Amino acid sequence: MAKLQPVRGTHDLLPEQVRSHRYVEETARAVAERYCYAPIDTPIFEFTEVFVRTLGETSDVVSKEMYSFEDKGGDSITLRPEGTAGVVRAVISGGLAQELPLKYFYGGPMFRYERPQKGRQRQFHQIGAELLGVPEPTGDVEIIALGAHILEALGLQANTTLELNTLGDQASRTAYRDDLVAYLSRYRDDLSADSRERLGRNPLRILDSKDRTDREIVAGAPTFDDHLTPTAAEFFAAVCGGLDDLAIAYTLTPTLVRGLDYYCHTAFEFTTTELGAQGTVLAGGRYDGLMEIMGGPPTPGVGWAAGIERLAMMSHDAEPAPRPIALIPVGEEATVRAASLAYRLRRAGLIIDLAHRGNLSRRMKRANKHHARAAVLLGEDELQRQAATVRDLDSGEQTEVSLDDLEARLAAFR
RNA sequence: GUGGCUGUAGCUCAGGUGGUUAGAGCACCAGAUUGUGGAUCUGGGGGUCGGGGGUUCAAGUCCCCUCAGCCACCCCA
């Protein structure tokens with residue numbers, strides 16, 4: 001049992017799970033299409049530099065969660081831990097920034113070396129949307145609306161809450177950061193070990209610490225509101241106003257901070273209480289500086305990503321399994337004939353399940369288990385008459401049908 | 001990376017304080033039904049008790065290590 005295990009944090013997706021994943025992904029894709037977000041697929045690995053530059057050396061993802069390796073050419077390669085960096089890289093390397101604004105929707109596996117727990121795996125799947133080249137707050141509103149719309153389409157509207165915050169522009173951030181560090185430094189010794197560590201690298205993240213004393217200290221900390229530049233404040237007000245116009249409900253969460261360096265202005269998370277400690281279901285924000293950091297032309301962007309596993313855990317719907325027609329030969333000659341008949345019927349567009357083995361009773365049981373719509377019995381008698389018996393497995397009715405008419409008669413069971 | 005809980009058949013789980021050939025239900029296979037499913041009955045195959053080491057006359061049971069799962073911290077999707 002212990003001999004052949006999947007790598008820790010990875011899972012096989014059996015047909016049922018694949019169908020529920022697909023349901024999530026296809027539902028989202030259909031909604032994204034209405035917003036004119038075009039599909040894009042980037043490689044699942046990139047040069048390590050792509051992620052280090054964009055996510056920031058101090059981010060947790062880069063400092064401890066990346067699957068990196070050296071390839072045979074000596075290049076450092078990393079399995080993508082998130083989707084935005086790859087999409088932005090593609091835009092730059094493909095010269096796509098000529099045609100701004102760009103709207104992309106993507107989906108696929110991501111990799112993070114973390115300790116697995118509920119709603120968290122080392123290989124997991126995300127869907128995501130990116131809007132590039134729109135500096136206006138209407139872009140933020142659209143991208144959030146898209147996320148809300150998808151959650152609604154998945155029937156998860158009632159289970160999720162939209163939390164919203166602004167990280168301001170560069171000027172707001174540095175001013176706030178300085179003030180915050182000054183304040184927190186006074187309580188340095190009372191802070192948790194984790195937070196003391198963060199004080200130097202990423203002080204903003206102390207704001208959403210779960211440690212009790214940290215929270216008490218944070219409660220008295222200077223708030224970001226007071227440090228927002230007029231431009232940043234105005235921008236955020238426009239985003240909030242836009243959401244109000246669409247009647248999309250949100251909660252302002254001043255402690256909401258994004259873990260990745262490239263975010264600015266709007267930060268948002270759709271959260272749930274249904275998934276234990278992993279409450280975030282769909283999250284993102286604005287990343288105006290990202291293109292430039294990567295060496296592209298200065299281009300604003302907003303986007304989000306959502307975890308397919310997490311969405312699938314909450315939505316109990318799945319793509320329905322197709323209902324086949326079971327082709328059941330009886331006897332040697334019929335068995336030989338069945339192969340070509342199955343081929344013929346499949347080419348006519350029918351879903352044919354051919355079991356290859358077992359007696360009639362056995363195969364009928366299988367047909368039933370596979371939820372077959374009908375069974376086509378092909379025996380010696382029928383063959384002599386160039387016919388087959390067609391049984392409706394829902395009603396139990398059965399009739400003999402000429403082989404020539406089979407396609408036409410089976411069309412009723414599609 | 002840190003901590004807690006768990007690990008017996010494909011799945012869900014029984015197996016008081018160590019004591020012969022490790023059980024059940026479901027699932028699977030076969031038969032009752034040599035050409036008729038969803039029901040029922042009968043029989044059958046499956047386990048190096050996660051792995052390794054140790055204590056013991058004797059270990060599924062006790063000890064150590066290791067791996068994995070779950071949950072939490074951290075962080076996030």
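Below, read A as the first sequence line, B as the second, and so on, with proteins coming before strands; counting in each chain starts at 1. Model, not experiment: these values are computed from the prediction.
Comparing B/A58 with B/G18, their C1' atoms sit 8 Å apart, to the nearest whole Å. Comparing B/C29 with B/G38, their P atoms are spaced 13 Å from each other, to the whole Å. The P atoms of B/A27 and B/C74 are separated by 44 Å, rounded to the nearest whole Å. Annotation: B/U12 and B/G16 have their C1' atoms spaced 22 Å apart (nearest Å). To the nearest whole angstrom, the two P atoms, one in B/C62 and one in B/U6, are 11 Å apart. Distance noted for atom P between B/A22 and B/G60: 9 Å (whole Å). B/U8 and B/A59: their C1' atoms are spaced 14 Å apart (whole Å). When the C1' atom is compared between B/C13 and B/C49, the two are found 13 Å apart, to the nearest whole Å.
Each of A/Gln121 and A/Pro116 was assigned the nucleotide of RNA chain B with the nearest heavy atom; the assignment lying further toward the 5' end belongs to A/Pro116. Remark on RNA chain B: of its neighbouring residues A/Val61 and A/Arg8, the 5'-side contact belongs to A/Arg8, judged by nearest-heavy-atom nucleotide.
Nucleic acid contact for A/Gly9: sugar-phosphate only, since backbone atoms but no base atoms lie under 4.0 Å from a heavy atom of the residue. Base engagement by A/Arg120 is indicated by at least one non-hydrogen atom pair under 4.0 Å involving a base atom. Across all strands, A/Gly276 comes closer than 4.0 Å only to sugar-phosphate atoms, never to a base (heavy-atom distances). Using a 4.0 Å heavy-atom cutoff across all strands shown, A/Glu114 reaches at least one base atom of the nucleic acid. Heavy atoms of A/Gln278 sit under 4.0 angstrom from at least one base atom. Using a 4.0 Å heavy-atom criterion, one finds that A/Ala367 contacts no nucleic acid atom at all. Nucleic acid contact class of A/Arg310 (heavy atoms, under 4.0 Å, all strands): base.
Taking atom NZ of A/Lys64 as the reference point, atom P of B/C74 lies 10 Å away to the nearest angstrom. The interatomic distance linking A/Asp60 (CG) with B/U2 (C1') rounds to 14 Å, in whole Å. In this structure, A/Arg112 atom CZ and B/G1 atom P are separated by 17 Å, rounded to whole Å. Atom CG of A/Leu275 and atom P of B/C71 are 10 Å apart (whole Å). Whole-Å rounding puts the A/Lys118 NZ to B/C73 P distance at 13 Å. When rounded to the nearest whole Å, the span between CZ of A/Arg363 and C1' of B/C29 equals 16 Å. Following rounding to the nearest Å, A/Arg122 (CZ) and B/G1 (C1') show an atom-to-atom distance of 11 Å. What separates CZ of A/Arg215 from C1' of B/C74 is a distance of 14 Å, to the nearest Å.
For B/C74, the OP1/OP2 oxygens have no side-chain nitrogen or oxygen of A/Arg115 closer than 4.0 Å. Distances shown here put a side-chain N or O of A/Gln117 below 4.0 Å from the OP1 or OP2 atom of B/A72.
Nucleotide B/G3 is matched to B/C71 when pairs are restricted to Watson-Crick or G-U wobble geometry with both distances under 3.5 angstrom. Across the strands present, B/G25 finds its partner in B/C11; the criterion is a Watson-Crick or G-U wobble pair with both atom distances under 3.5 angstrom. Across the strands present, B/A32 finds its partner in B/U40; the criterion is a Watson-Crick or G-U wobble pair with both atom distances under 3.5 angstrom.
The aromatic rings of A/Tyr67 and A/Tyr113 sit perpendicular to each other, their planes meeting at more than 60°, with 30° as the lower class boundary. A tilted orientation is assigned to the rings of A/Tyr187 and A/Tyr183, their planes being inclined by 30° to 60°.
Using a cut-off of 4.0 Å between Lys/Arg side-chain N and Asp/Glu carboxylate O, A/Arg391 and A/Glu397 are scored as not salt-bridged. Contact check on A/Glu25 versus A/Arg29 returns a salt bridge, with a Lys/Arg side-chain nitrogen under 4.0 Å from an Asp/Glu carboxylate oxygen. The residues A/Arg323 and A/Asp353 are annotated as not salt-bridged, no charged nitrogen and carboxylate oxygen being separated by less than 4.0 angstrom.
Less than 6.0 angstrom separates the ring centroid of A/Tyr35 from the ring centroid of A/His149.
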If a protein heavy atom is under 4.0 Å from the base, mark B; if only from the sugar-phosphate, S; if neither, -; do that for nucleotides 32-38 of chain B going 5' to 3'.
---BBBB
Verdict with reasoning, A/Phe268 to A/Arg286, per side chain to side chain contact (heavy atoms under 4.5 Å, CB included):
CA-CA 9 Å; A/Phe268 61 92; A/Arg286 178 164 278 275; over 6 Å; no
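Counting non-hydrogen atoms of other residues, nucleotides and ligands closer than 6.0 Å to OH of A/Tyr250 gives a total above 12.
With a 4.5 Å cut-off on side-chain heavy atoms, A/Leu341 and A/Leu406 count as touching.
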